[in-house]
Amino acid sequence: MIRSSAEGLLKRPLELSKVAELKALLPDVVEFAYIPRSDLRIHGEAVSQQNKRSNSPDFMLHPQSLAVNTPLGYRLPGHEEEEHVLVLEFAENFRTTKSGNLVDKRNQRFKDAVVELMKATPEGEVSMDLLQAAARDHIPVNPSAKKALLANESQNLIIPEPKDRPSIDDILLEIQKQQWYKNQIADRRTFKEKLAIEGLLVEPLSHTIQQALRESRNITSLYYHQAAAINAIVQRKHVIVSTSTASGKSVIYQVPLLKFLEENSNATAILIYPTKALAQDQRTALEQLLCACPGLQHIKVATYDGDTPQDHRRTIRETASVIFTNFDMLHASILPHEELWRTFIKNIKLVAVDELHYYSNLFGSHVAQIIRRFRRICAAVGNQRVVFVSCSATISKPSQHMKRLFGVEDVEEIVEDGAPSGKKDYLVWDPFNVKDMDSGIAKLGQSGPTWEAINLMIFLMIRGVRVILFCKFRRACELAMKALRQRLSAEGRLDVLAKVMPYRGGYSQEDRRRIEYEAFSGHLLGIVATNALELGVDIGVLDAVIMLGFPFGIANFRQQAGRAGRRSRDSLAVLVAEDLPIDRNYVKFPDKLYNQPMDDLSVDIESKVVIEAHLQCAAHEMPLSKDDAFYFGASLGELCDSKLRKDKDGWYHPHPKFLPYPAKHISIRGADDDKYTVIDVTKVGLPNGVPRIIEEIELSRAIFELYEGGVFMHQGLTFVVKEVSHDTKVARLVRADVNWITKPRDYTQVLPRYIIHHLDWTNRNVDAMQTHRIKEIARSPHRAYFGRVDVTTVVFGFRKIRGNKVLDIVDVDTPPYERQVTGFWFDVPKDLLGLLKEKHFNLAEAIHSASHAWMNRFALSPDLRTECKAAEKEYNKEESQRKRPARLILYDASRKGSVSAQAFDHSGEILRQAHDTVETCPCKDGCIHSATCSEGNDVASKMGALLILKALLNLDIDADSVATQFGSQGSETIVEATYIRPLDGVQVEPA
């Protein structure tokens, strides 16, 4: 109807090329593209549902059809042949109620654009010719037409091969000439290429190994660090190599492995990796090396992980010489059944642990005990010559970390990097501030960090640059992939879309293997990933990395940036800053990204909780004696006497409650074991239609992502949750092309508690509370408290959101997610509360920031959580019915964690360190921010945090010198904390 109206006014057919000229004149204001017809609706069509609540969301079932095949021959997973419509939309936000005024203002914008075009036209050229030439790039292609790409053979649809792509310098110059570029490059650093430094071997390699390296890897010489490591391994020394990303570290254990196999065909080895993707990558590389090595082609290697079918495991034990595994399998499958692996273990010559920096904090503490269990079994079967080799990205004190983790002393540390590297550019990209942007452009969604990251990714891909976009969270990964699908489909670039895939944890084994194959073989132009691909996976020819938001630490930043340039070519790493305080800090002080030292990796090898858990496992593998303190430390005797069972001969066995398999009771990653199965039931009821499992997600995520009517995203596709069974932990979804997402409305309540009863969530009753331990704070009358903490999360509704606009608010009825953990707390002194109120401090800001300040000084804080404050609640002017006690609470992230007990033991000294840091730190607020804050550090006050820390330490506070605050104030959500009754007999422990 709209097109016919326009043609009636023009008295001629409306040509797409003419409409495209409007887009060329005002590209940021005019949207001219094909979109799915479903995107025209705000709500889906109602599906009849008996006894449906009036406030439940509608959703729509779309007919399913086969995915299209692109001219490149790749199938677009989940891309249905849906109808598209061509839309011309003007994005203005003029404040007027008169249509005449709107038309006048629109006309004026076009007049101004025409004037600018004429002024910018070089002498001797015709403005109209330039406009028509530019318009050709804006003529949309209908994605619904299967032959759309075939019909358009224009040069601009040809994607250059990797070897033919433009240089990074040329691409950056081109970016800065784009109309959408608004000086977003806040900082650029260029690191020059580095030449290789070669090393020499003390014992030359055999001709066969030299041949294998030459034929499979084109290696004719070794870098300095490779040669130094191989020399040390040959001398039976344990080795750690800590060099830059993509420096060929895998060669340092693969070459000695080939030497061991040539010397003894019965030799075996275990290669351990933190992710399945990395293990797959390295297995392929070793197989190619073995196939090229005469005399070793018969050697069998195998992956032994959670995806390995049960009926294959016996064959692997009996026939494989090398297994690729992880510490989860070593803990739960190999060591508990050492009698089945005894021959393999007796012949182990080498154990390589890649990406050693991954193993720290609570997980690293568990791994340290697993390695000690492994060393004990090796010694028992007569194998005391196992060589341990580890590789890591650049970390501080690498040999110290390996010694603590492995429990060995003779470690050769190699840190001099001999690998070459290509020229590399680092950008800090500061997205154009939405406040300074035309509100109409913002309406089109052409704003914000995600849009700019996607825009950069598309710009690079169509120029042949292979890109990986790292997102911090799974949901961000799916939102980015959804945006890519929409943009590339609208622009008719199905050839590019066919070569982009998402990768994150949670996908099915089938999907994961498919994506890994495409990534490793170099078929992809782009990958949207979480940190599942942050580690040393060789993702083909990768030229650029885009990080959407600052990753969780400097080490993560450098690790992700290192994914690009793995072929010694010029490369690019871009940090797209989000609107979070920690990101803004690096925009303002970019030097920190390159100069800031990395924190020491922390492994607690003295935690009695962790040691006791693994003593139960070790005693099951082989009875313990007091002599095993050699492996497990001085606390073994005490723990064996109190926690294990002693037989008449003096041997210790597991406590009966851990039998028959103690390892099943020990979660080494601290993760919740419960998972929800996500099932696509779209085709159920259709011919040959069956339900399909698409994911398994942890209970802690399920509560926020699986609720009736909510939108769930998988590989960039949208599904609507139809039904959730919390009893069977199954969610049933239907595929629905909706143009909105949903965000849960929830709150989390963290309380020290004693007894858990059924809670009436209408009144939000709180049960009696109790304390297990009390500890003095040095030179202070105040105390630290330790006990049970009840963490309860309730999702009571969700918002339908498109862009930055809330379309609808929906109530849902879901059961609360309750978990009991251990934790500790500090009560804010009553007299300080009075001062803070008098000076108009926001109490939630002060408490939140003080909690972060404490965690920032504690090495194992990644395994702790605190009650992060949400701006939406704390700055709400309406009176809140849910009041929180004035208390700093820190608790274990996992129900099976033990870090809070160790933290409590050092609570007072960490409190003083936090105070000293905040008081002397010159930054505005960086020292009270946390990269892991679930609410983005929005609710923060450095001065408020400092006052709380001073009060708890009983330090002087000059009330007259404390400035009155004039910041964000909502209704008061904090009340004085009441004393929590301790257990009978609890004594106050000295500081």
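Bear in mind the structure is a predicted one, so any value in this text is a computation, not a measurement.
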Open item on the list: Can a donor-acceptor pair be found, under 3.5 Å and without considering hydrogens, that links the side chain of Ser244 to the backbone of Ser247?
Closed with: no
Task: salt_bridge(Lys182, Asp430) N-O dist < 4.0 Å - done: no
Task: Gln288-Arg283 side chain donor-acceptor pair, cut-off 3.5 Å - done: no
TODO: Would you mind telling me which of His357, Glu355, Lys249 makes a side chain to side chain donor-acceptor pair (under 3.5 Å) with Ser392?
DONE: His357
Open item on the list: Could you tell me if the side chain of Ile323 sits less than 4.5 Å from the side chain of Leu271, heavy atoms only?
Closed with: no
Task: Non-hydrogen side-chain atoms of Ile159 and Ile462 separated by less than 4.5 Å - done: no
TODO: Give me the ring orientation class for Tyr594 and Phe557: parallel if the planes are under 30° apart, tilted from 30 to 60°, perpendicular past 60°.
DONE: perpendicular
Task: Backbone of Cys293 reached by a side-chain donor or acceptor of Thr208 within 3.5 Å - done: no
Task: Asp543 side chain vs Arg466 backbone, donor-acceptor pair below 3.5 Å - done: yes
Open item on the list: For Ala227, is there any backbone N or O sitting under 3.5 Å from a side-chain donor or acceptor partner on Asn231?
Closed with: yes
TODO: Look at the side chain of Gln560 and the backbone N and O of Arg558, then say whether any donor-acceptor pair between them is shorter than 3.5 Å.
DONE: no
Task: Ring-face cation contact, Phe459 with Arg463, 6.0 Å cut, 45° max - done: yes
Open item on the list: For a quick check under 3.5 Å, do Asp425 and Thr190 share a side-chain donor-acceptor pair by atom type?
Closed with: yes
Task: Backbone N/O of Ala564 and side chain of Lys424: donor-acceptor pair under 3.5 Å - done: yes
TODO: Taking Asn326 for its side chain and Pro274 for its backbone only, find out whether a donor-acceptor pair lies under 3.5 Å.
DONE: no
Open item on the list: Just so I know, are the side chains of Leu286 and Leu257 near enough to count as touching, which here means a heavy-atom distance under 4.5 Å?
Closed with: yes
Task: Lys592/Asp187 ion pair, N-O < 4.0 Å - done: no
Open item on the list: Tell me whether Asp570 contacts the main-chain N or O of Ile168 through its side chain, where contact means a donor paired with an acceptor under 3.5 Å.
Closed with: yes
Open item on the list: For a 4.5 angstrom cut-off between non-hydrogen side-chain atoms, does Gln211 reach Pro294?
Closed with: yes
TODO: Would you check if the side chain of Gln210 reaches a backbone N or O of Leu205 as a donor-acceptor pair within less than 3.5 Å?
DONE: yes
Open item on the list: So does Tyr223 get a backbone contact from the side chain of Gln226, meaning a donor-acceptor N/O pair under 3.5 Å?
Closed with: yes
Open item on the list: Quick one about Glu695 and His714 (side-chain donor to acceptor, distance below 3.5 Å, no hydrogens or angles considered), yes or no?
Closed with: yes
Task: Donor + acceptor pair across side chains of Ser421, Glu193 (<3.5 Å) - done: no
